[in-house]
Amino acid sequence: MAASLSTPLDVHHTVQKSDKRRPVFFTKPQRTHRAVKFSVCCSSLKSPSKSQNVPDSPNPKTPSLSEQLKPLSTTTLSPSKNDQIHLLSKPKSTWVNPTKPKRSVLSLQRHKRSAYSYNPQIRELKLFAQKLNDCDNSEEAFLAALNEIPQQPTRENALLILNSLKFWQKTYLFFNWIKTQNLFPMETIFYNVTMKSLRFGRQFQLIEELANEMVSNEIKLDNITYSTIITCAKRCNRFDKAIEWFERMYKTGLMPDEVTYSAILDVYAKLGKVEEVLSLYERGVATGWKPDAITFSVLGKMFGEAGDYDGIRLGKPGLARSLFDEMIESGLTPDEKTLTALIKIYGKARWAKDALELWERMRENRWPMDFILYNTLLNMCADIGLVEEAEKLFEHMKQSENCKPDSYSYTAMLNIYGSGRKVDKAMDLFEEMPEQGVEINVMGFTCLIQCLGKARRIDDLVRVFDVSVGRGVKLDDRLCGCLLSVVALCETSEDVDKVIACLQQANPKLVAFVKLIEDEKTDFQIIKEEFRTVIRDTAVDARRPFCNCLIDICRNRNLHVRAHELLYLGTLYGLYPGLHNKTGNEWNLDVRSLSIGAAQTALEEWIGTLEKTVQRKEELPELFLAQTGTGTHKFSQGLAAAFATHLEKFAAPFRQSEERAGYFVATKEDLVSWVQARMHPSVTA
DNA sequence: GTAGGGTTAG
């Protein structure tokens, strides 16, 4: 640790609490609502004495970024197992020793661009570039067209043509042609322009080859080169490569500027490495960096996505809001993309008040709106349950010139009507879409089928399903999960058969599994094996919903043993991470991501475990918690209420917590005497 | 798109 303290990228100066001589210089923003403002972090810091401390040569002793970040990523950021850490531990303070100013992590100067000079041949060259663009994509055709070049190009003319080519294949051919002509030395800018074009074609391998060629030929890689490489790797989902090149840049002694820096922040954000992003962000701010709107978007988006809002992880909408406020105070006007990121966060967090206030500010200040922002507002309405507001906005879009509703807009409206059980309005939209020239896709069908299922309009559901099949829509796992949830809802065997017939077309293996679990004679080992196969073949985001629905189906058919088996298997295969949380003081059953039937099953299972623990006289914590969430979603399915009913059925001594919303609590004392009474009813009778 | 960074759905 000590050795790494002097390196530019040591971002974790957390010291022991006993080291009280060191003043707290700044703390990490709290991960709660109304988080500490970021300006507090930066304004209280003096600029380091050397803000531009750029080493001249690669420093082999410098640990790589990933090495430095390793302790964090392996201790607090590994998935599933450590999710609770974020929930239960308070944010750590970051301690800074002011007598040892840290070295910069980024250059405050942006890369300077070369100025364009007037080119009298511009028309002629543009025409020629157009010819190159129009010719066939083959190498032969391109080289033939190249032969008609008016004259051997100068450096400036070659750059102009290189910049005017539309397809990466041609840019690449032209770049290689210039090289063979040996007219002038190949400078960085030629590589940069070519790489940008290759990035459009997502040709990361070619970009990397060019970068290595630059290194071999001792052509300087600058910030533009690195940011292009990094963002191309990112777009090609090669996050490992993005980080690798970022580290290589530091090792050569080149400081990233804010563009490269925000690009790498986005890489870490996309990897879900929130703590690393915050550390890098704070290090940047501490050395005098004032993040711009794009960085705010990157961070805001990350805070919004840090939580899945299904109840497993904790989002950080408060941080996003603080950042946004800070950005406005600093005098920046948010653009469409920043607003989109923020509106999405408020929607997912179900922060209705903040969402509506922001929407109001957008209108008052006439902040820029675009198509995506309109659609994001509609989705926010769906998340929060703002039916009327969405309808108004949707109408507004219809009357607009440039923002007519598209498939995103219609899907959002179908989602709203589906969740709000406005089945007739949903069907009206379904009829209206072809008239407006908008094709309904699998997501729209899923919303509509869900809506019809909840309304028990099974014949309409079958009709809509048949339309989707007729249109050749690819029926995916989420649509199957939706059909499966309708199977669980159906009250008559006729209805069940109708929906099962649909599901049979979409996913026959799933239907076979439903039949298997419904047969009480099926052996558990067979269930286990088949469950594994079904889940393995299911898209990750549909796995838990499948298991929830299967459990609900069993409970509705009084197959309680089977329901318990399925919950066990779901837990075994990792579909319910963080369901049981045990600390020294309390046991917590977190059922927020479970369906009602699955939550009831989990409660019964929990009580069974308690009974065994009491029987064995093992140690128990003082407090027991069951977390259902508050169901603040306007369209929520009433998990908390159903859970409360189930607790009453057992006369279990849990009461709804007044201090902690969305929790049921019981003390050890009450619970133990209740369990003992259940086990020995004759003694207490 | 005129050498580099950030936006939408079930």
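Chain identifiers are assigned alphabetically (A, B, ...) following the order of the sequence lines, protein sequences preceding nucleic acid strands; residue numbering begins at 1 within each chain.
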Undergrad: Hey, is the side chain of A:Lys112 poking within less than 4.0 Å of OP1 or OP2 on B:dA3, counting only N and O atoms?
TA: no

Undergrad: Is the shortest side-chain N to carboxylate O distance from A:Asp428 to A:Lys422 below 4.0 Å?
TA: no

Undergrad: What is the distance from CZ of A:Phe430 to P of B:dG10, rounded to the nearest Å?
TA: 20 Å

Undergrad: Given the P atoms of B:dG10 and B:dG6, what is the spacing between them in whole Å?
TA: 23 Å

Undergrad: Whole angstrom is fine here: how far is it from CD1 in A:Ile161 over to P in B:dT2?
TA: 18 Å

Undergrad: With heavy atoms under 4.0 Å as the rule, sort A:Phe200 into base, sugar-phosphate or nothing.
TA: base

Undergrad: Let's test your reading of the model: under 3.5 Å, does the base of B:dT8 pair with the side chain of A:Thr376 as donor and acceptor?
TA: no

Undergrad: Could you tell me the separation between the CD1 atom of A:Ile224 and the P atom of B:dT2, rounded to a whole number of Å?
TA: 13 Å

Undergrad: C1' atom, B:dG5 versus B:dG1: distance in rounded Å?
TA: 15 Å

Undergrad: What's the CZ-P distance between A:Arg199 and B:dA3, to the nearest Å?
TA: 13 Å

Undergrad: Assign A:Ser409 to base, sugar-phosphate, or nothing according to its heavy-atom contacts below 4.0 angstrom with the strands shown.
TA: nothing

Undergrad: Taking the side chain of A:Asn163 as heavy atoms from C-beta outward, which of B:dA3, B:dG10, B:dG5 is closest to it?
TA: B:dA3

Undergrad: So does A:Asp335 reach the base of B:dG6 with its side chain, donor to acceptor, closer than 3.5 Å?
TA: yes

Undergrad: Throw together a table of side-chain donor-acceptor distances under 3.5 angstrom for residues 292-300 of chain A, partners on residues two or more places apart or in other chains.
TA:
{"from": "A:Asp292", "atom 1": "OD1", "to": "A:Ile294", "atom 2": "N", "distance (Å)": "3.3"}
{"from": "A:Asp292", "atom 1": "OD1", "to": "A:Thr295", "atom 2": "N", "distance (Å)": "3.2"}
{"from": "A:Asp292", "atom 1": "OD1", "to": "A:Thr295", "atom 2": "OG1", "distance (Å)": "3.1"}
{"from": "A:Ser297", "atom 1": "OG", "to": "A:Ala293", "atom 2": "O", "distance (Å)": "3.3"}
{"from": "A:Ser297", "atom 1": "OG", "to": "A:Thr338", "atom 2": "OG1", "distance (Å)": "3.0"}

Undergrad: If the threshold is 4.0 Å, N to carboxylate O, is there a salt bridge linking A:Glu432 and A:Lys398?
TA: yes

Undergrad: Any side-chain N or O of A:Arg110 less than 4.0 Å from the OP1 or OP2 oxygen of B:dA3?
TA: no

Undergrad: Please state how far atom CD1 in A:Ile229 lies from atom P in B:dG5, giving the value in whole angstrom units.
TA: 13 Å

Undergrad: Look at the side-chain N and O atoms of A:Asn441 and state whether any lies under 4.0 Å from the OP1 or OP2 oxygen of B:dA9.
TA: no

Undergrad: Applying a 4.0 Å non-hydrogen cut-off, can you work out what A:Ser407 is touching in the nucleic acid: base, sugar-phosphate, or nothing?
TA: base

Undergrad: Nearest heavy-atom pair of A:Leu342 and A:Ala320: which atoms, and what distance?
TA: CD1-O, 4.0 Å

Undergrad: Under 3.5 Å, is there an N or O donor on one side and an acceptor on the other linking the side chain of A:Thr295 and the base of B:dG6?
TA: no

Undergrad: Would you indicate what A:Asn379 reaches in the nucleic acid, counting non-hydrogen atoms under 4.0 angstrom: base, sugar-phosphate, or nothing?
TA: sugar-phosphate

Undergrad: Please work out whether the ring planes of A:Tyr250 and A:Phe246 are parallel, tilted or perpendicular, with thresholds of 30° and 60°.
TA: perpendicular

Undergrad: Taking the side chain of A:Asn192 as heavy atoms from C-beta outward, which of B:dG5, B:dG10, B:dA3 is closest to it?
TA: B:dA3

Undergrad: Which whole number of Å gives the distance between the C1' atom of B:dT7 and that of B:dA3?
TA: 23 Å

Undergrad: If you assign A:Leu159 and A:Asn375 each to the DNA chain B nucleotide with the nearest heavy atom, which residue ends up on the more 5' nucleotide?
TA: A:Leu159

Undergrad: Give one of base, sugar-phosphate or nothing for A:Lys270, where a contact means two heavy atoms less than 4.0 Å apart.
TA: sugar-phosphate

Undergrad: Between A:Glu391 and A:Tyr417, is any side-chain donor less than 3.5 angstrom from a side-chain acceptor?
TA: yes

Undergrad: Regarding A:Arg110 and A:Asp257, does a basic nitrogen lie under 4.0 Å from an acidic carboxylate oxygen?
TA: no

Undergrad: May I ask you to evaluate whether A:Lys344 reaches the phosphate of B:dT7, defined as a side-chain N or O under 4.0 Å from OP1 or OP2?
TA: no

Undergrad: For the pair made of CG in A:Asp541 and P in B:dA9, what is the distance, rounded to whole Å?
TA: 13 Å

Undergrad: How many Å lie between CD on A:Glu156 and C1' on B:dA3, as a whole number?
TA: 14 Å

Undergrad: With sugar-phosphate meaning primed atoms plus P, OP1 and OP2, does A:Thr188 contact a base, only sugar-phosphate, or nothing at under 4.0 Å between heavy atoms?
TA: nothing

Undergrad: In whole angstroms, how far is the C1' atom of B:dT7 from the CG atom of A:Asp370?
TA: 7 Å

Undergrad: Using a heavy-atom cut-off of under 4.0 Å over every strand shown, decide if A:Thr338 touches base, sugar-phosphate, or nothing.
TA: base

